[in-house]
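Step one of this worksheet: look at the structure below.
Quantities reported herein were computed from a predicted structural model and do not represent experimental measurements.
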Amino acid sequence: MLSHHAEIGLTPEQITRLIDLNAEYQASLTGIRVQFAQVTEQLEHKRGRLDNDALVARKELLDRHAELFRAEEDLFFSYGAHGHEILTDEQIARIDQIYHAEKDARLAELLPSLNNAVAPQFQFTTATA
């Protein structure tokens with residue numbers, strides 16, 4: 001969004017507020033991802049028999065893994081909502097247009113590779129919503 005600030009019509013105050021908001025988001029996200037990585041490492045089966053006791057012992061870690069995944073999703077949408085509070089409806093609509101155009105362009109670049117991967121039985125086509 002910030003790389004398209006002129007096209008979106010962001011004011012200097014909005015830019016500053018969004019940068020500050022992003023810094024807070026990134027700090028929180030890093031904390032969640034570090035915890036996620038720690039739990040992921042603990043989930044790795046390193047030694048011993050993989051039996052029912054070992055699988056049962058993993059349940060708490062798997063639950064924590066799922067909680068952290070949800071926490072990352074919640075964080076994203078929470079900070080997204082805070083970002084929307086800074087923007088006008090028109091700016092949000094313009095950001096949506098830019099985002100979807102960039103995403104569609106990137107997916108279009110992948111289309112030949114994706115079609116090669118599933119050919120000859122299948123082929124990806126463009127669908128409109």
Side-chain angles (χ1 to χ4, degrees):
M1 170 178 22
L2 290 173
S3 62
H4 296 283
H5 61 87
E7 189 176 355
I8 295 165
L10 295 176
T11 66
E13 180 186 350
Q14 286 176 311
I15 292 170
T16 300
R17 290 176 65 197
L18 290 168
I19 289 170
D20 291 344
L21 186 66
N22 184 57
E24 291 174 25
Y25 170 71
Q26 292 298 325
S28 296
L29 181 61
T30 298
I32 290 171
R33 288 187 173 170
V34 166
Q35 291 177 60
F36 192 87
Q38 290 169 336
V39 172
T40 300
E41 189 277 328
Q42 291 172 346
L43 278 167
E44 182 182 331
H45 184 78
K46 297 178 180 88
R47 293 184 180 88
R49 182 175 300 280
L50 189 56
D51 56 14
N52 192 50
D53 291 340
L55 295 175
V56 169
R58 295 168 49 86
K59 181 171 179 352
E60 185 177 321
L61 289 171
L62 288 169
D63 289 345
R64 181 67 180 139
H65 218 239
E67 288 170 11
L68 289 166
F69 182 81
R70 281 190 304 273
E72 183 172 330
E73 287 288 305
D74 291 345
L75 185 73
F76 174 81
F77 286 104
S78 173
Y79 273 86
H82 291 310
H84 277 198
E85 292 169 1
I86 296 169
L87 304 167
T88 67
D89 291 341
E90 294 79 17
Q91 288 171 323
I92 292 169
R94 187 65 189 126
I95 292 163
D96 289 347
Q97 291 171 341
I98 292 168
Y99 167 76
H100 288 290
E102 287 181 351
K103 179 188 65 164
D104 291 347
R106 286 191 185 106
L107 289 172
E109 291 173 7
L110 291 172
L111 189 59
S113 295
L114 294 171
N115 279 330
N116 284 337
V118 298
Q121 289 83 5
F122 302 100
Q123 181 175 351
F124 288 94
T125 60
T126 302
T128 56

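Among pairs with a residue in residues 96-126, none fulfils ring pair (Phe, Tyr, Trp, His ring centres under 6.0 Å), at least two apart in sequence or across chains.
Taking Arg58 as the reference, nothing meets the salt bridge (charged side-chain N to carboxylate O under 4.0 Å, His left out) condition, with sequence neighbours excluded. Take Asp20 and apply the salt bridge (charged side-chain N to carboxylate O under 4.0 Å, His left out) test, not counting sequence neighbours, and it matches no residue. Not counting sequence neighbours, Glu73 has no partner by the salt bridge (charged side-chain N to carboxylate O under 4.0 Å, His left out) test. Applying the salt bridge (charged side-chain N to carboxylate O under 4.0 Å, His left out) criterion to Glu41, with sequence neighbours excluded, gives Lys46. With sequence neighbours excluded, no residue forms a side chain to side chain contact (heavy atoms under 4.5 Å, CB included) with Glu60. In this structure Leu29 satisfies the side chain to side chain contact (heavy atoms under 4.5 Å, CB included) test together with Tyr25, Gln26, Arg33, Glu72, Leu75, sequence neighbours excluded. Residues satisfying the side chain to side chain contact (heavy atoms under 4.5 Å, CB included) criterion with His4, sequence neighbours excluded, are Glu7, Ile8, Ile98, Glu102. Legend: residues meeting side chain to side chain donor-acceptor pair (under 3.5 Å) with Glu67, ordered by chain and number and at least two apart, are Arg64. Residues passing the side chain to side chain donor-acceptor pair (under 3.5 Å) test with Gln97 are Arg94, sequence neighbours excluded. Annotation: side chain to side chain contact (heavy atoms under 4.5 Å, CB included) contacts of Asp89 (sequence neighbours excluded): none. In this structure, the ring-ring contact (aromatic ring centres under 6.0 Å, His included) partners of Phe36, at least two apart in sequence or on a different chain, are His65.
Side chains of Leu62 and Val39 form no contact here, defined as non-hydrogen atoms less than 4.5 Å apart. Here the side chains of Leu10 and Leu87 are in contact, with some heavy-atom distance below 4.5 Å.
Here the CD atom belonging to Gln91 is positioned 12.5 Å from the NE2 atom belonging to His5, to the nearest 0.5 angstrom. Distance check: Tyr79 OH to His84 NE2 gives 15.5 Å after rounding to the nearest 0.5 Å. Expressed to the nearest 0.5 Å, how far CG of Asp96 lies from CE of Met1 amounts to 10.5 Å. Separation of atoms OG1 (Thr16) and CD1 (Ile86) is listed at 10.0 Å; rounding is to 0.5 Å. Separating the CZ atom in Arg106 from the CG atom in Asp104 is a distance of 10.5 Å, to the nearest 0.5 Å. Atoms CG and CG, from Leu110 and Asn115 in turn, are 11.0 Å apart once rounded to the nearest 0.5 Å.
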> Could you go step by step and tell me if Leu114 and Leu107 meet the side-chain contact (heavy atoms from CB on, under 4.5 Å) rule?
Replying inline: CA-CA 9 Å; Leu114 294 171; Leu107 289 172; 5.6 Å; no

>> side-chain contact (heavy atoms from CB on, under 4.5 Å) for Gln123 and Val118? Distances and angles first, verdict last.
In response: CA-CA 7 Å; Gln123 181 175 351; Val118 298; 5.7 Å; no

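Under 4.0 Å is where a charged nitrogen must lie from a carboxylate oxygen, and between Lys59 and Asp63 at least one such pair does.
In the hydrophobic clustering of ILVMFWY residues, with side-chain heavy atoms under 4.5 Å counting as a link, Leu50 and Leu61 come out apart. Residue Phe69 is not grouped with residue Val34 when hydrophobic side chains (ILVMFWY) are merged at heavy-atom distances under 4.5 angstrom, including chains of intermediate members.
Residues Gln14 and Gly9 come closest through the heavy atom pair OE1-O, 3.9 Å.
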